[in-house]
Amino acid sequence: MRRKAVKVKADIFTKVPHGFKSVSKGLCRKAIQEAARVIDEELGLHERLNGLVVEPAVGGAVLVNGLSVELTLTDDAAIRVLNRDYREVDSPTDVLSFPTWEGEQLLVVNPSLPLHLGEIIVSLDTAARQAKEDGVSMHHMIAWLLAHAMLHLVGFDHPNEEARQIMRNYEAKILRTLGFAYLPKMAQEQYIGEA
């Protein structure tokens with residue numbers, strides 16, 4: 001019997017110049033939803049979240065009435081400030097993930113509401129440069145960045161190459177479901193030891 005798909009609501013905000021109209025909100029929503037679906041099918045999203053929640057439902061299982069993610073598409077200037085203030089790195093970056101559970105004890109689950117996983121912030125300036133350097137489309141780059149960020153929102157990290165390879169494998173599966181046959185080179189080269 002096939003499991004019911006996880007519902008994912010993505011609130012998307014844009015704070016960038018109009019030059020990035022090619023990045024559609026529909027693509028972003030689909031990438032976030034596919035990431036949640038792949039994580040759910042491969043690992044069981046509810047099981048993955050069990051270690052991050054307070055007061056699991058009867059029997060120790062998390063009952064989640066869908067998920068929500070906040071996505072902000074912005075520019076290098078705005079993401080640089082966030083990167084400086086939250087990661088103490090005074091330069092722009094491509095994507096930042098702020099899991100709801102990070103800095104808190106654990107997530108609090110209200111089964112009648114969607115579980116808010118956190119916030120993703122993407123610099124379209126950096127993503128555009130990376131896509132050009134990598135020889136991939138902007139859609140391909142954005143899909144990868146969102147897959148990477150979604151994995152962070154459910155507790156994945158990459159402090160070493162072994163952990164990074166696990167993330168790459170899931171990123172590749174997510175990208176395949178979105179119609180991209182391979183990971184951008186950026187996925188192979190970046191993020192070792194960064195969060």
Side-chain angles (χ1 to χ4, degrees), residues 5-6 8-43 45 67 69-80 82-83 87 89 91-99 117-154 156-158 161 163-195:
V6 175
V8 182
K9 180 178 183 268
D11 292 318
I12 302 173
F13 305 96
T14 56
K15 300 177 182 177
V16 292
H18 297 292
F20 288 101
K21 290 185 181 195
S22 67
V23 178
S24 73
K25 290 182 179 183
L27 166 77
C28 294
R29 278 192 184 89
K30 186 174 180 184
I32 289 169
Q33 291 166 344
E34 282 302 300
R37 188 186 64 74
V38 168
I39 294 165
D40 188 38
E41 286 182 1
E42 295 288 322
L43 299 169
L45 190 55
L67 304 171
V69 173
E70 187 175 309
L71 170 64
T72 300
L73 303 173
T74 193
D75 59 16
D76 275 353
I79 208 164
R80 178 181 183 172
L82 293 169
N83 206 24
R87 295 183 59 232
V89 178
S91 64
T93 188
D94 50 9
V95 64
L96 292 170
S97 302
F98 296 100
L117 287 180
E119 183 176 359
I120 299 169
I121 301 160
V122 174
S123 170
L124 295 179
D125 292 335
T126 299
R129 278 193 310 277
Q130 289 177 175
K132 185 176 180 180
E133 291 168 12
D134 218 311
V136 299
S137 71
M138 185 68 162
H139 287 154
H140 193 164
M141 186 59 65
I142 294 293
W144 169 63
L145 292 172
L146 293 176
H148 183 83
M150 282 294 290
L151 289 165
H152 278 304
L153 292 186
V154 297
F156 283 88
D157 202 359
H158 40 74
E161 182 55 31
R164 182 67 198 110
Q165 190 56 49
I166 291 168
M167 286 186 73
R168 280 188 200 114
N169 291 339
Y170 288 118
E171 290 165 3
K173 287 178 185 181
I174 293 164
L175 287 183
R176 280 195 298 274
T177 70
L178 293 166
F180 301 106
Y182 58 91
L183 286 173
K185 287 181 257 178
M186 301 299 297
Q188 300 297 328
E189 298 167 0
Q190 275 192 320
Y191 302 114
I192 304 302
E194 296 178 20

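Small disclaimer: the values here were computed from a predicted structure and weren't measured. Any value given below was found using the heavy atoms of this structure, including those in side chains, with hydrogens, waters and symmetry copies removed.
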Does any non-hydrogen side-chain atom of [Y] lie less than 4.5 Å from one of [X]?
X: Leu71; Y: Lys25; answer: no
X: Asp125; Y: Pro92; answer: no
X: Arg129; Y: Asp94; answer: no
X: His139; Y: Phe180; answer: yes
X: Leu175; Y: Pro184; answer: yes
X: Leu124; Y: Met138; answer: yes
X: Arg37; Y: Asp40; answer: no

Closest non-hydrogen atom pair, [X] against [Y]:
X: Ala172; Y: Leu183; answer: N-CD2, 3.7 Å
X: Ala131; Y: Ser137; answer: CB-O, 3.9 Å
X: Ala78; Y: Asp75; answer: N-OD1, 3.0 Å
X: Leu178; Y: Lys30; answer: CD2-CG, 3.7 Å
X: Phe156; Y: Ile166; answer: CE2-CG2, 3.9 Å
X: Glu119; Y: Thr72; answer: OE2-OG1, 3.7 Å

Would you compute the distance between atom [atom1] of [X] and atom [atom2] of [Y] and round it to the nearest 0.5 angstrom?
X: Thr93; Y: Ile79; atom1: OG1; atom2: CD1; answer: 6.0 Å
X: Ile174; Y: Glu42; atom1: CD1; atom2: CD; answer: 9.0 Å
X: Leu73; Y: Leu146; atom1: CG; atom2: CG; answer: 7.5 Å
X: Leu96; Y: Asn83; atom1: CG; atom2: CG; answer: 5.0 Å
X: Arg87; Y: Leu82; atom1: CZ; atom2: CG; answer: 11.0 Å
X: Cys28; Y: Gln33; atom1: SG; atom2: CD; answer: 11.0 Å

* Could you tell me how the ring of His152 sits relative to the ring of His148: parallel (under 30°), tilted (30 to 60°) or perpendicular (over 60°)? => perpendicular

* **side chain to side chain contact (heavy atoms under 4.5 Å, CB included) evaluation trace for Tyr170 with Leu43** => CA-CA 10 Å; Tyr170 288 118; Leu43 299 169; 3.0 Å; yes

* In terms of side-chain geometry, is the basic nitrogen of Glu171 or Arg164 positioned less than 4.0 Å from the acidic oxygen of its partner? -> yes

* Partners meeting side-chain contact (heavy atoms from CB on, under 4.5 Å) with Gln165 (sequence neighbours left out) -> Glu161, Arg168, Asn169

* Quick one: does His140's side chain have a donor or acceptor within less than 3.5 Å of a partner on Gly135's backbone? -> no

